[in-house]
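Every chain is numbered from 1 and lettered A, B, ... according to where its sequence line falls, protein lines coming before strand lines. In this text, all values refer to a predicted model and were calculated from it rather than measured experimentally.
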Amino acid sequence: MWRVMVISSTPKRFVHRSLVQRGNFYGFRCWIRAFSGLSDDYREILRSGLRDIKLDDAVDLFGEMAKSRPRPSIIEFSKLLSAIAKMKKFDVVISLGEKMQMLGIAHNDYTYSILINCFCRRSELSFALAILGKMMKLGYKPDIVTLNSLLNGFCRHGKRISDAVALVDQMVEMGYQPNTVTFNTLIHGLFLHNRVSEAVALLERMVVKGYQPDLITYGAVINGVCKRGHTDLALNLLKKMEAERMEADVVIYSTIMDGLCKHKHVNDALDLFSEMESKGIRPDVYTYSSLISCLWKLLEAEELYEEMIRRSIDPTTITYGSLINGFCLQDRLEEAKQMFALMVSKGCLPDVVIYNTLINGFCKSKRVDDAMELFHGMSRRGMSGDTVTHNTLIKGFFQAGDCENAQQVFKQMVSAGVPPDTMTCNILLDGFCKNGRLEKALVIFQDLQQKSEMALNIVTYNIMIEGMCKAGKVEDAWDLFNSLCLKGVVKPDVVTYNTMISGFCGKGLKQEADALFREMKEDGPLPNDCTYNTLIRAHLRDGDKDSSAELIKEMRSRGFCGDASTISLVGNMLCDGRLHKSFLEMLSSSAREIVEQPCSDQ
DNA sequence: TTAGGGTTAG
């Protein structure tokens with residue numbers, strides 16, 4: 001509707017001076033007038049400021065307000081729209097805004113501003129700009145709030161971060177004073193577009209220009225740098241806050257600890273945990289959940305769980321999820337299930353992620369039946385699986401060699417209206433290839449390429465190239481590899497090259513493998529340990545000691561070493577006298593241990 | 001009555 005209709009309004013401002021001067025008495029009359037015709041319940045909801053209102057109730061209230069005569073003022077409508085916008089139901093706000101239009105309820109600058117915000121949050125910038133134009137035509141000058149909303153729209157939009165930066169400059173030129181929200185929005189936008197150094201620079205410029213960054217500003221920057229592994233920078237920012245006498249809170253500390261843990265500085269994280277406590281900042285459920293999720297390999301995770309219970313910090317679904325995931329990763333499935341039962345007994349409702357974690361754990365442990373039982377348990381609770389649930393089960397059945405049930409789950413997924421994604425396709429293709437049904441995979445692959453809109457990624461092609469190579473169809477694989485290079489839509493990665501090189505080696509096409517390796521070094525992805533090991537084994541099997549030695553040298557110089565199968569091959573060749581002991585020493589330091597051991601019979 | 005936004009799980 002907005003697409004064809006330009007919203008109209010009366011430019012009159014509602015608050016009249018005489019009305020204000022008459023004070024409370026007149027205000028009371030207005031109050032009565034505003035709510036007459038509404039049921040008592042709704043009057044109460046409006047009076048209480050719409051806190052904790054549910055979406056359905058809000059929409060019903062809108063209907064009542066629209067029907068009641070005389071109608072409540074536009075201010076009441078704007079409060080309601082704002083409450084729905086806070087629930088992030090932007091599409092609902094937009095459609096109610098359209099309804100107001102149809103019912104002849106005139107918008108004002110606040111409702112326009114809310115609508116601009118909603119269109120921006122939905123990345124529908126053109127509509128936001130159209131409303132802005134309409135608003136200005138009616139004589140409303142956009143204020144900093146409206147402009148910040150618009151800025152947020154530019155920041156969230158895929159390609160318009162430069163426009164966002166330009167908008168701020170324009171705002172200043174037009175005499176607007178940017179505020180902390182302006183800067184925070186722009187900083188957040190820069191991070192969304194991975195422009196880390198510009199975001200950090202903006203924080204510094206803020207300080208230079210005399211704007212005091214707030215906890216949100218620091219939090220956003222610290223989070224942005226931590227997620228990208230720059231934990232040193234985060235710790236420096238923490239020091240800077242201290243220097244500015246700004247007290248970091250539990251969120252800032254938790255964010256840095258999470259970053260440290262995820263980037264393998266667990267001890268630093270635990271130090272920071274002590275530092276935080278010594279400053280009297282109490283860890284909360286986020287702090288504990290984050291630490292537990294990072295420390296699942298260690299006993300500390302379970303200890304931390306007990307500690308938080310002792311300190312009366314209530315675990316959430318996410319805390320339990322981290323613990324359950326930890327047990328699953330260690331294949332301690334019974335304990336995972338016990339934890340699941342514990343969380344349910346404590347009244348913490350499992351969500352789809354919890355189920356997916358457990359289902360994944362059982363599938364990985366080749367217990368697909370138990371995984372299916374959990375899946376049925378979900379239905380009994382009135383929950384339905386999402387794309388991840390189905391992907392996990394399909395993969396589980398394929399890994400158990402059960403193509404029929406894998407297909408069955410896929411069919412169920414489609415009939416239940418759960419949208420398959422690229423991962424689903426990759427799992428299906430890989431499953432059929434690995435279960436000796438390349439032909440079936442090829443049919444699906446062709447359909448996907450010709451008849452569907454599904455975006456295939458490099459993993460899809462890697463799966464097919466590997467499938468073809470393993471089935472001995474190296475020429476077909478090579479055609480597919482070359483078609484990738486020709487089309488240029490998806491770029492071959494190191495795995496693509498490794499798979500193809502391995503395919504050539506497997507067919508004894510060593511020259512082709514070498515040629516591809518050279519091509520890779522000139523104009524492709526960086527070779528990794530797998531590339532070298534594949535080639536080294538091929539050359540060793542061919543008895544080409546010189547080339548093998550050369551490759552080993554090159555591999556070691558790049559910081560890689562022989563993998564298990566290369567070491568085992570060399571070990572065997574050493575035993576039957578085809579190789580000299582020095583070869584093994586060349587491969588890796590850990591390989592020397594094998595030299596000391598007696599040769600196996602193989 | 002309008003805006004931004006920092007922490008946790010598959």
Side-chain angles (χ1 to χ4, degrees), chain A residues 14-15 46 49-50 73-83 85-86 93 107-118 120-121 135 140 142-153 155-156 178-189 191 213-227 234 237 248-259 261-262 283-294 296 315-326 328-329 350-361 363-364 386-389 391-392:
Chain A
F14 205 80
V15 183
L46 275 172
L50 300 163
S73 75
I74 185 70
I75 295 178
E76 305 308 326
F77 280 99
S78 71
K79 280 182 185 168
L80 182 62
L81 293 188
S82 162
K86 289 219 163 70
V93 176
H107 285 280
N108 70 359
D109 47 353
Y110 287 102
T111 55
Y112 278 135
S113 189
I114 295 171
L115 288 166
I116 287 172
N117 182 36
C118 291
C120 283
R121 296 296 292 256
M135 209 179 145
Y140 293 119
D143 64 3
I144 189 72
V145 175
T146 313
L147 290 176
N148 282 343
S149 293
L150 206 62
L151 176 68
N152 189 30
C155 283
R156 286 167 176 270
N179 59 18
T180 323
V181 175
T182 318
F183 286 108
N184 290 352
T185 306
L186 193 52
I187 286 175
H188 183 242
F191 274 118
D214 60 14
L215 271 179
I216 305 278
T217 325
Y218 274 108
V221 177
I222 285 175
N223 181 50
V225 299
C226 277
K227 290 284 179 298
L237 286 167
D249 62 1
V250 60
V251 179
I252 301 270
Y253 275 104
S254 302
T255 308
I256 304 179
M257 279 192 287
D258 187 70
C261 279
K262 292 220 162 70
D284 63 8
V285 64
Y286 286 97
T287 325
Y288 276 106
S289 300
S290 168
L291 283 174
I292 287 172
S293 73
C294 294
W296 55 264
T316 62
T317 321
I318 292 176
T319 326
Y320 286 112
S322 301
L323 285 160
I324 290 171
N325 185 41
C328 284
L329 287 168
D351 63 7
V352 68
V353 179
I354 294 281
Y355 274 105
N356 289 348
T357 310
L358 274 170
I359 288 174
N360 187 42
C363 280
K364 283 238 167 93
D386 62 8
T387 304
V388 179
T389 324
N391 287 353
T392 310

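With distances taken from any side-chain atom of A/I114 to the nucleotides B/dT2, B/dA9, B/dG10, the minimum falls on B/dT2. Side-chain atoms of A/S82 lie closest to B/dT2 of the nucleotides B/dG10, B/dT2, B/dT8. The nucleotide whose nearest atom lies closest to any side-chain atom of A/N108 is, among B/dG6, B/dT1, B/dA9, B/dT1. Considering only the side chain of A/N117, B/dA3 comes nearest among B/dG6, B/dA3, B/dT1. Considering only side-chain atoms of A/V388, the nucleotide from B/dG10, B/dT2, B/dG6 that sits closest is B/dG10. With B/dA9, B/dG10, B/dT7 as the choices, the nucleotide that has an atom nearest any side-chain atom of A/D386 turns out to be B/dG10. The side chain of A/V181 approaches B/dA3 more closely than any other nucleotide in the set B/dG10, B/dA3, B/dT7. Between B/dA9, B/dT2, B/dT7, one nucleotide has an atom nearer to the side chain of A/V353 than all others, and that is B/dA9. With distances taken from any side-chain atom of A/V145 to the nucleotides B/dT2, B/dT7, B/dG6, the minimum falls on B/dT2. Of the listed nucleotides (B/dA3, B/dA9, B/dT7), B/dA9 has the atom at the smallest distance from the side chain of A/N325.
Between A/K227 and B/dG6 there is no side-chain polar atom (N or O) within less than 4.0 angstrom of OP1 or OP2. Checking the phosphate oxygens (OP1, OP2) of B/dA9, a side-chain nitrogen or oxygen of A/K262 falls inside 4.0 Å.
Between the side chains of A/S290 and A/S293, no donor-acceptor pair of N or O atoms lies under 3.5 Å. Using modelled atom types and a 3.5 Å distance limit, the side chains of A/D258 and A/T255 yield no donor-acceptor pair.
One N or O donor and one acceptor, one from the side chain of A/N179 and one from the base of B/dA3, sit under 3.5 Å apart. No hydrogens or angles were tested; on distance alone, a donor-acceptor pair under 3.5 Å links the side chain of A/S113 to the base of B/dT2. Remark: the A/N148 side chain and the B/dT2 base include no donor-acceptor N/O pair separated by less than 3.5 Å.
Residues passing the side chain to side chain donor-acceptor pair (under 3.5 Å) test with A/K364, sequence neighbours excluded: none. In this view, A/N223 and A/K227 satisfy the side chain to side chain donor-acceptor pair (under 3.5 Å) rule, not counting sequence neighbours.
Among the heavy atoms of the strands lying under 4.0 Å from A/T185 are primed sugar atoms or P, OP1, OP2 only; no base atom is included. Within 4.0 Å (heavy atoms only), A/K364 reaches no atom of the nucleic acid at all. Contacts of A/I252 with the nucleic acid, taken as non-hydrogen atoms under 4.0 Å apart, include base atoms.
With A/T185 contributing its side chain and A/V181 its backbone, the two residues share a donor-acceptor pair below 3.5 Å.
Taking the 5.5 Å centre cut-off and the 30° plane limit, the aromatic side chain of A/Y110 is not classed as stacked on B/dT2.
Of the candidates A/N179, A/L186, A/T180, A/N179 is the only one forming a side-chain contact (heavy atoms from CB on, under 4.5 Å) with A/T182.
Atom CD1 in A/I292 sits about 19 Å away from atom P in B/dT7, given to the nearest Å. A straight line from CG of A/D284 to C1' of B/dG6 spans 12 Å, rounded to a whole angstrom.
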